[in-house]
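The structure under discussion is supplied below as structure tokens; questions concerning it will follow.
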Amino acid sequence: MVAQSDYSPILESWQHNLAPHNLGYRIKLLSQLLSRKFTERLEPFGMTPFHWLVLCCLWQEDGLPTSSIGDKLQQVGGTLTGVLDRMEERGLVRRERDSHDRRIWRIWLTDAGKELESVLPPIAAEVREQAMQGTSSTERELFSQILNRAIANLS
């Protein structure tokens, strides 16, 4: 049997790949912390971060087909359908059949969903600012570019 200390040089050479030091773990931790903080801030509105993502899609282009929202958010239909059900119940969106293809459901913002466009983005910005406190605009841009590259590499 090999003593644990015999593995130290090997483990030391892989230290940056082992939890809690590896990149994947730290990105997951950052995601969880951001989500928790944002969820707290959205709670008074009866919203979740997923509701926020759907609203962002529709603020950019209202009347999207459900499948387009799912593609943009890389979500499976069942999950998105449930979220849209809850958003419709809360009066934030409405569904309509596409006039040219009855198989397609389009999602439209209601007045209540449109009104949140002036309320929620500043909250998201505050959470982002809290997370990025102490970093320069150059560092933020580089961080964003690195994340985009890693996402593209694995997609």
Side-chain angles (χ1 to χ4, degrees), residues 15-101 103-155:
Q15 192 66 31
H16 65 282
N17 290 318
L18 303 175
H21 307 287
N22 71 14
L23 182 63
Y25 175 82
R26 290 183 295 151
I27 288 173
K28 180 179 167 99
L29 179 59
L30 174 61
S31 174
Q32 289 173 332
L33 292 169
L34 282 168
S35 181
R36 185 178 306 143
K37 183 62 70 174
F38 196 38
T39 298
E40 290 170 4
R41 297 296 306 276
L42 292 174
E43 194 173 334
F45 302 93
M47 306 277 298
T48 69
F50 200 173
H51 294 137
W52 155 259
L53 293 172
V54 171
L55 287 173
C56 286
C57 288
L58 295 172
W59 290 330
Q60 292 170 15
E61 184 180 348
D62 202 8
L64 285 171
T66 304
S67 60
S68 293
I69 296 171
D71 290 346
K72 287 177 181 263
L73 302 179
Q74 297 182 348
Q75 293 293 317
V76 295
T79 303
L80 181 57
T81 299
V83 168
L84 292 173
D85 287 345
R86 288 184 292 284
M87 292 179 76
E88 192 170 31
E89 288 168 8
R90 291 186 177 116
L92 301 174
V93 299
R94 72 181 196 287
R95 292 179 174 127
E96 290 181 10
R97 291 252 187 219
D98 185 278
S99 59
H100 301 286
D101 187 341
R103 296 171 298 175
I104 297 173
W105 284 94
R106 291 193 174 272
I107 310 303
W108 298 91
L109 290 165
T110 62
D111 289 342
K114 291 175 185 174
E115 288 173 10
L116 289 173
E117 188 175 5
S118 64
V119 177
L120 297 182
I123 293 171
E126 289 171 12
V127 173
R128 184 191 62 236
E129 286 305 311
Q130 182 180 1
M132 300 305 289
Q133 192 173 12
T135 60
S136 70
S137 60
T138 302
E139 290 171 317
R140 291 175 189 206
E141 181 59 30
L142 180 59
F143 182 60
S144 182
Q145 290 173 4
I146 291 169
L147 287 175
N148 287 340
R149 173 73 51 92
I151 291 166
N153 288 344
L154 295 174
S155 292

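Owing to the predicted nature of the structure, the values given are computational and were not obtained by experimental measurement.
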### Query
If you look at every heavy atom in E139 and S136, which pair is closest and at what distance?
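So the two residues come closest at OE1-N, 2.7 Å.
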
Can you tell me if T39 uses its side chain to pair, donor with acceptor, with the backbone of T48 under 3.5 Å?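 No.
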
* Side-chain contact, heavy-atom cut-off 4.5 Å: V127 with R41? ->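 They are in side-chain contact.
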
| field | Contact check, side chains of M87 and V83, non-hydrogen atoms, under 4.5 Å | value |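 Touching, per the 4.5 Å side-chain cut-off.
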
> Got a sec, which residues hit salt bridge (Lys or Arg N to Asp or Glu O under 4.0 Å) with R149, two or more places apart in sequence or on another chain?
Replying inline: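 Listed in chain order: nothing, the list is empty.
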
Just to verify, what does E43 make a salt bridge (Lys or Arg N to Asp or Glu O under 4.0 Å) with, not counting sequence neighbours?
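Checked E43 against salt bridge (Lys or Arg N to Asp or Glu O under 4.0 Å); zero matches.
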
Self-check item: Spatial distance of atom CD (E115) from atom CG (L120) [nearest 0.5 Å]
Solution: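 Reported value, rounded in 0.5 Å steps: 11.5 Å.
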
### Message
Tell me every residue that passes salt bridge (Lys or Arg N to Asp or Glu O under 4.0 Å) with E141, counting only those two or more places apart in sequence or in another chain.
### Response
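If we apply the salt bridge (Lys or Arg N to Asp or Glu O under 4.0 Å) test to E141, skipping adjacent residues, there are no hits.
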
Gap separating the CG atom of L30 from the CZ atom of F143, nearest 0.5 angstrom |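 Spacing of CG (L30) from CZ (F143) equals 5.5 Å.
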
How many angstroms lie between OG in S31 and CZ in R26, if you round to the nearest 0.5 Å?
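If I round to the nearest 0.5 Å, the distance is 14.5 Å.
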
Check: K114 and E117 side chains under 4.5 Å, non-hydrogen atoms:
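No - every pair of side-chain heavy atoms lies 4.5 Å or more apart.
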
- Message: Between L80 and F50, does the side chain to side chain contact (heavy atoms under 4.5 Å, CB included) criterion hold? Intermediate values first, please.
- Response: CA-CA 9 Å; L80 181 57; F50 200 173; 4.2 Å; yes

**Q.** Euclidean distance, C56 SG relative to I69 CD1, rounded to 0.5 Å
**A.**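 Between I69 CD1 and C56 SG, I get 11.5 Å after rounding to 0.5 Å.
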
List in chain and number order the residues that pass salt bridge (Lys or Arg N to Asp or Glu O under 4.0 Å) with D85, two or more places apart in sequence or in another chain; answer none if no residue qualifies.
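Once residues adjacent in sequence are excluded, the partners of D85 under the salt bridge (Lys or Arg N to Asp or Glu O under 4.0 Å) criterion are R95.
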
Contact summary for L109 and D62, nearest pair of heavy atoms
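Scanning both residues, the minimum pair turns out to be N-OD1, 2.8 Å.
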
Open item on the list: Please check this pair: side chain of R106 against backbone of R97, looking for a donor-acceptor N/O pair closer than 3.5 Å.
Closed with: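 Checking the backbone N and O of R97 against the side chain of R106, no donor-acceptor pair under 3.5 Å is found.
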
Exercise for the section: List the steps, then state whether side chain to side chain contact (heavy atoms under 4.5 Å, CB included) holds for K37 with L34. Expected result: CA-CA 5 Å; K37 183 62 70 174; L34 282 168; 6.0 Å; no

Answer yes or no: is there an ion pair linking R94 with E96, defined by an N-O contact shorter than 4.0 Å?
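Yes.
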
Indicate yes or no: at least one non-hydrogen side-chain atom of L92 is less than 4.5 angstrom from one of L116.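 Touching, per the 4.5 Å side-chain cut-off.
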
Quiz item: Taking side chain as C-beta onward, heavy atoms only, is I151 less than 4.5 Å from S155?
Solution: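 A side-chain contact under 4.5 Å exists here.
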
- prompt: How would you list, by chain and number, every residue that makes a side chain to side chain donor-acceptor pair (under 3.5 Å) with D111, sequence neighbours excluded?
  reply: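 Here no residue qualifies.
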
Value rounded to 0.5 Å, distance of CD in Q32 from CD1 in I27 |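 If we round to the nearest 0.5 Å, Q32:CD and I27:CD1 are 12.5 Å apart.
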
Exercise. What's the shortest heavy-atom distance between S35 and P49, and which atoms?
Worked result: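 Scanning both residues completely, I find the closest heavy atoms to be OG-CG, 4.0 Å.
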
- Query: Quick check: does any side chain N or O of D98 sit under 3.5 Å from a backbone N or O of I104, one acting as donor and the other as acceptor?
  - Reply: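 Side chain of D98 to backbone of I104: no pair is present.
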
Checklist line | Any residue meeting ring-ring contact (aromatic ring centres under 6.0 Å, His included) with W59, in chain and number order, not counting sequence neighbours | finding: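 W59 satisfies ring-ring contact (aromatic ring centres under 6.0 Å, His included) with W52 only.
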
**Message:** If I compare all heavy atoms of L73 with all of C57, which pair ends up nearest, and what's the gap?
**Reply:**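 Minimum heavy-atom contact is CD2-SG, 3.9 Å.
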
Q. Would you call L58 and W108 a side-chain contact if the rule is heavy atoms closer than 4.5 Å?
A.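 Sidechains of W108 and L58: no contact.
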
*Are the side chains of H51 and R90 in touch, meaning some heavy atoms are under 4.5 Å apart?*
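Yes, side chains in contact.
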
Quick check: do L64 and K72 have side-chain heavy atoms less than 4.5 Å from each other?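 Yes, their side chains come closer than 4.5 Å.
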
Going by an N to O cut-off under 4.0 Å, is there a salt bridge joining E129 and R140?
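Salt bridge: yes.
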
